[in-house]
Amino acid sequence: MNLRQGSWVARTREEWQEGNIGDLLSVLLCILAMTIVMTTFLSLVQLVNQKTMVSQLARNYVLRMETVGYLKAEDEAALRQELEDYGITEISLEGTTRNPVTYGAEITLCIAGKIGGEHAFEEKRVSTAKH
């Protein structure tokens with residue numbers, strides 16, 4: 001079977017056509033652009049994931065606060081430690097209910113800080129004391 005008759009054609013060095021460097025350059029630029037887009041996407045997904053974990057943590061602690069009517073000192077220390085474990089910095093709990101309230105009174109958990117050291121966030125949960 002002659003190679004020229006099949007779908008694959010054997011070519012000698014003289015038969016190759018000269019290519020255009022612009023074609024190769026455009027392909028390389030597209031690959032570079034896709035790499036940048038994917039890297040940015042993955043870093044943003046990580047930030048959203050950390051914020052979601054903080055929201056879930058806030059929900060758990062506001063449920064604890066409902067049972068006693070405020071954020072106890074040991075719960076506050078545990079909350080700060082868990083936030084630090086998630087990579088949260090500059091943690092502030094300003095506005096959080098830290099003194100006992102009566103049954104049915106409003107309790108608040110406010111968490112503020114920075115995710116990744118540069119993206120500020122604030123998580124606020126409000127509920128009623130059911131102790």
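For clarity, every value in this text was computed on a predicted model and none was experimentally measured.
- Cluster membership check: Val62 does not share its hydrophobic cluster with Val68, using side-chain heavy-atom separations under 4.5 Å among Ile, Leu, Val, Met, Phe, Trp and Tyr.
- Here the closest heavy-atom approach between residue Ala58 and residue Arg125 is recorded as CB-CG, 4.0 Å.
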Margin query: Would Thr96 and Met65 count as a side-chain contact (heavy atoms from CB on, under 4.5 Å) here? Give the steps.
Written below: CA-CA 10 Å; Thr96 299; Met65 290 172 66; 4.1 Å; yes
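- Under the 4.5 Å side-chain heavy-atom criterion for ILVMFWY residues, no single connected hydrophobic cluster contains both Val126 and Leu71.
- Using a 4.5 Å heavy-atom cutoff, the side chains of Glu122 and Ser92 are not in contact.
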Can I get a per-line list of side-chain donor-acceptor pairs under 3.5 Å for residues 36-43, giving both atom names and the distance, sequence neighbours left out?
unit_1: Thr39; atom_1: OG1; unit_2: Thr35; atom_2: O; d: 2.8
unit_1: Thr40; atom_1: OG1; unit_2: Ile36; atom_2: O; d: 2.9
unit_1: Ser43; atom_1: OG; unit_2: Thr40; atom_2: O; d: 2.8

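- How far CG of Leu32 is from CG of Leu25: 10.5 Å, rounded to the nearest 0.5 Å.
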Show me the donor-acceptor pairs, under 3.5 Å and distance only, between side chains in residues 98-115 and residues at least two apart or in other chains.
unit_1: Arg98; atom_1: NE; unit_2: Glu76; atom_2: OE1; d: 3.3
unit_1: Arg98; atom_1: NH2; unit_2: Glu76; atom_2: OE2; d: 3.4
unit_1: Arg98; atom_1: NH2; unit_2: Leu93; atom_2: O; d: 3.4

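- Between Glu123 and Ser55, the closest heavy-atom pair is OE1-OG, 3.0 Å.
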Next item on the list: For Glu82 and Glu84, run side-chain contact (heavy atoms from CB on, under 4.5 Å): C-alpha distance rounded to whole Å, both residues' side-chain angles, the deciding distance at 0.1 Å, then the answer.
Entry: CA-CA 5 Å; Glu82 287 186 62; Glu84 288 173 3; over 6 Å; no
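- In terms of hydrophobic clustering, with Ile, Leu, Val, Met, Phe, Trp and Tyr side chains grouped at heavy-atom distances under 4.5 Å, Leu79 and Tyr86 are assigned to a common cluster.
- The number of heavy-atom neighbours closer than 6.0 Å to CD of Glu94, taken from other residues, nucleotides and ligands shown, is 12 or below.
- Using a 4.5 Å cut-off between side-chain heavy atoms of Ile, Leu, Val, Met, Phe, Trp and Tyr, with links allowed through other members, Leu63 and Tyr70 fall into different hydrophobic clusters.
- Using a 4.5 Å heavy-atom threshold, the side chains of Val27 and Ile31 count as touching.
- Arg64 and Glu66 are not joined by a salt bridge, as no carboxylate oxygen comes within less than 4.0 angstrom of a charged side-chain nitrogen.
- Atoms CD1 and NE2, on Ile88 and His119 in that order, are 11.0 Å from each other to the nearest 0.5 Å.
- Phe121 and Leu44 fall within a single hydrophobic cluster, where Ile, Leu, Val, Met, Phe, Trp and Tyr side chains are chained together by heavy-atom contacts under 4.5 Å.
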